[in-house]
Amino acid sequence: MVTPAALVPGPQGASILWPWLLAGVVVLTLGAGATAWWLARRRRARAEASQDADGVTWVANSSYLAQVPAFAAWVRRYRTLQVVGLVGLLVALVGVGAVAARPVETDVVVDRLGTRDIVLCLDVSGSMTAYDGEILKVYSELVDNFEGERIALSIFNSTSRTVFPLTDDYTLVKEQLAAGVAAFDKDPSTLDFTREGDEKDILEYLTYTAGTLANESAASLIGDGLANCALQFDEEATERSRSIILATDNYVAGEPIYTLEQAAALVASRDITLHGIYGGSDLYAGTPEEVEYRDVVEAGGGLYFLAGDPQAVEGMVEDVVAQQAVELDASPEVIVTDLPTLWFLVGTAGAALLLVVAWRLRE
């Protein structure tokens, strides 16, 4: 007996689920045909014997009928129709029997359960709005390369909002990332409620960033935002690898609870790898904020890129994948798909042929 674990994933080919039923139909059909032939022959023999006993009435000068072309053609056509009718009956019975026996196609599917959790952590403070749309596009490119991983997105300014928790629903993920790209498509500082056409863009931006500025006395609290992202993962112990991809310009305006270094220490204590994308202009590369950000990320073993670096997506994907190369195999699932169409058409063709022959014989 083949156990599910021993099944090889992939198509297993076409087969008949209940072949004994088809064999039974064929045997019964042949048996019924042989019985009918034997009974007909017996009746004919009895009729001939009865005629011999009672006397046969012979019609004089009738032997020439067999030589008449029209009569001979009629006899040939009649016998041909009988043979064709018998073939149609057999085809119809075989088709019906095959459908009843369930022709199927079997496929063994083994889902791969990704063992990686990735939290996308985005600074949406005023100094980042010009870059957030492009960074969200980078996040979207990352998601395109994942399969089975769980993804979350948390955005922050002075406070944080979870856009979506860890999920492998990539349709939801792509929709929310696209909504973010649309929200940051225009710089909010250039929009005006009194200007026609700007209301929709402003509302789109405010809706997406709602909940990120509850503390109006501060802004861009990087450490607090990163600490909140670290809390997006499951609390219990797990074998799943954990990564945070943080995008910020590291420009702090206020007094955070966590500094960037303290938040990075919290991330490391929870066995999370921190990757960084610098969201500011390349002109700010080498500033104290940018250098501090780079040093913190690289000290934890993470990758660091500028937002416009074309190697950002490829590098992060390779690193995230390398963290946990082992995937969990789900139990093999055997999918059986019925394929009655062909045999149904065969049975229908046989029945149609039988009906046509019966109609012609009546004529």
Taking the side chain as everything from C-beta on, heavy atoms only, tell me whether [X] gets closer than 4.5 Å to [Y].
X: Ile277; Y: Val138; value: yes
X: Leu226; Y: Leu274; value: yes
X: Tyr293; Y: Leu246; value: yes
X: Ile222; Y: Tyr251; value: no
X: Leu153; Y: Thr162; value: no
X: Ile151; Y: Leu166; value: no
X: Ile245; Y: Leu142; value: yes
X: Val267; Y: Ile244; value: yes

My understanding is that only residues two or more places apart in sequence, or in another chain, count here; which of them pass side-chain contact (heavy atoms from CB on, under 4.5 Å) with Ser140?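 Expected list: Lys174, Leu177.
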Sub-3.5 Å donor-acceptor pair from the side chain of [X] to the main-chain atoms of [Y], do we have one?
X: Tyr208; Y: Gln176; value: yes
X: Arg161; Y: Phe156; value: no
X: His275; Y: Leu303; value: yes
X: Asn157; Y: Thr159; value: no
X: Thr248; Y: Asn250; value: yes
X: Arg242; Y: Asp271; value: no
X: Asp249; Y: Gly279; value: no
X: Gln262; Y: Thr259; value: yes
X: Thr207; Y: Glu204; value: no
X: Asn228; Y: Ser160; value: no

Will you find, in the side chains of Tyr304 and Glu290, an N or O donor that is under 3.5 Å from an N or O acceptor?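 Indeed, the side chains of Tyr304 and Glu290 share at least one donor-acceptor pair under 3.5 Å.
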Taking all non-hydrogen atoms of both residues into account, name the closest pair between [X] and [Y] and its distance.
X: Cys121; Y: Gly225; result: SG-O, 3.7 Å
X: Ile135; Y: Ala247; result: CG2-CB, 3.5 Å
X: Asp224; Y: Pro256; result: OD2-CA, 3.5 Å
X: Pro165; Y: Ala152; result: C-CB, 3.6 Å

Please tell me whether [X] and [Y] are part of a single hydrophobic cluster in this structure, the criterion being side-chain heavy atoms less than 4.5 Å apart.
X: Val296; Y: Leu266; answer: no
X: Leu136; Y: Leu172; answer: yes
X: Val181; Y: Tyr205; answer: yes
X: Leu206; Y: Leu122; answer: yes
X: Val143; Y: Tyr139; answer: yes

Does Thr167 form a side chain to side chain donor-acceptor pair (under 3.5 Å) with Asp169? I'd like the steps, not just the answer. CA-CA 5 Å; Thr167 179; Asp169 183 350; 5.1 Å; no
So that I know where these two stand, are Phe184 and Tyr131 an aromatic pair - ring centroids less than 6.0 Å apart?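 No: the rings miss the under 6.0 Å criterion.
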Who passes side-chain hydrogen bond (donor to acceptor under 3.5 Å, both in side chains) against Glu134, sequence neighbours left out?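 So Glu134 forms a side-chain hydrogen bond (donor to acceptor under 3.5 Å, both in side chains) with Lys137.
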Side chain to side chain donor-acceptor pair (under 3.5 Å) for Asp117 and Ser241? Distances and angles first, verdict last. CA-CA 6 Å; Asp117 290 341; Ser241 68; over 6 Å; no
Is atom OH of Tyr258 surrounded by more than 12 heavy atoms (other residues, nucleotides or ligands) closer than 6.0 Å?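 No - once you tally the heavy atoms of other residues, nucleotides and ligands closer than 6.0 Å, there are 12 at most.
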Please determine whether the number of non-hydrogen atoms from other residues, nucleotides or ligands lying under 6.0 Å from atom CZ of Phe164 exceeds 12.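 More than 12 within 6.0 Å, yes.
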As a quick check of understanding, evaluate side chain to side chain contact (heavy atoms under 4.5 Å, CB included) for Val119 and Arg150, giving each step before the final call. CA-CA 8 Å; Val119 172; Arg150 296 193 303 176; over 6 Å; no
What distance separates Ile118 CD1 from Thr273 OG1, expressed to the nearest 0.5 Å?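 OG1 of Thr273 is found 10.5 Å from CD1 of Ile118.
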NZ or CZ of Arg294 within 45° of Phe305 ring axis and under 6.0 Å: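 No, Arg294 and Phe305 do not form such a contact.
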